Amino acid sequence: MYIDCLWVSGQFKGHGYSNLLLDAYIKDSKEKGKKGLVILSSRKKMGFLSDPKYMGYKGFQTGDSVGRHEDMPEGFVLYYTNQCPSPFTTFSLFYDGQFVTHEILSEKKFDKILADKGV
């Protein structure tokens, strides 16, 4: 089972909601006979991505990671996962540590971003 987003808004933090949500995901996964849970995170804590330290604390382990793609211009980082069979994807583009977009880009749109960044 894939968890697309496990994130609690700042005003609701500290009330145990992350634990309740994650426990519900784990219970649902077991009841459905799934072999485990997968969640997208990052090396360090980032907005709208699950905190890697929290996930480790809850017993999750890194299952896979992606290094720098050889064709990606310097300064750009692309995160993408295919969530088959769901029609949705997780896609995020960063430049020099700053979020650029979550939209899957055409080559023309990506070229415009490159031009705007002076790359």
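Nothing here was measured: the structure is a model prediction, and the numbers come from that model.
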Step by step, work out the side chain to side chain contact (heavy atoms under 4.5 Å, CB included) result for F60 and L37.
CA-CA 9 Å; F60 282 69; L37 289 171; 3.9 Å; yes

May I have the step-by-step check of side chain to side chain contact (heavy atoms under 4.5 Å, CB included) for M55 and T62, ending in yes or no?
CA-CA 9 Å; M55 298 312 297; T62 300; over 6 Å; no

Using side chain to side chain contact (heavy atoms under 4.5 Å, CB included), reason through Y95 and T101 one step at a time and then give a plain yes or no.
CA-CA 10 Å; Y95 179 68; T101 186; over 6 Å; no

Might you work through the side chain to side chain contact (heavy atoms under 4.5 Å, CB included) test for L93 and F110, ending with a clear yes or no?
CA-CA 10 Å; L93 180 67; F110 185 63; 4.0 Å; yes

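Taking NZ of K58 as the start and CG of D23 as the end, the distance is 5.0 Å to the nearest 0.5 Å.
Across all their heavy atoms, Y17 and F12 have their closest contact at CD1-O, 3.2 Å. Across S29 and G36, no two heavy atoms sit closer than the pair OG-O, 3.5 Å.
Note on D116 versus K112: salt bridge recorded, some NZ/NE/NH1/NH2 to OD/OE distance being below 4.0 Å.
The local environment of CD in Q98 is sparse, with at most 12 non-hydrogen atoms from other residues, nucleotides or ligands closer than 6.0 Å.
Using a 4.5 Å heavy-atom cutoff, the side chains of I39 and Y25 are not in contact. Counting heavy atoms from C-beta outward, V8 and L21 have side chains that approach closer than 4.5 Å.
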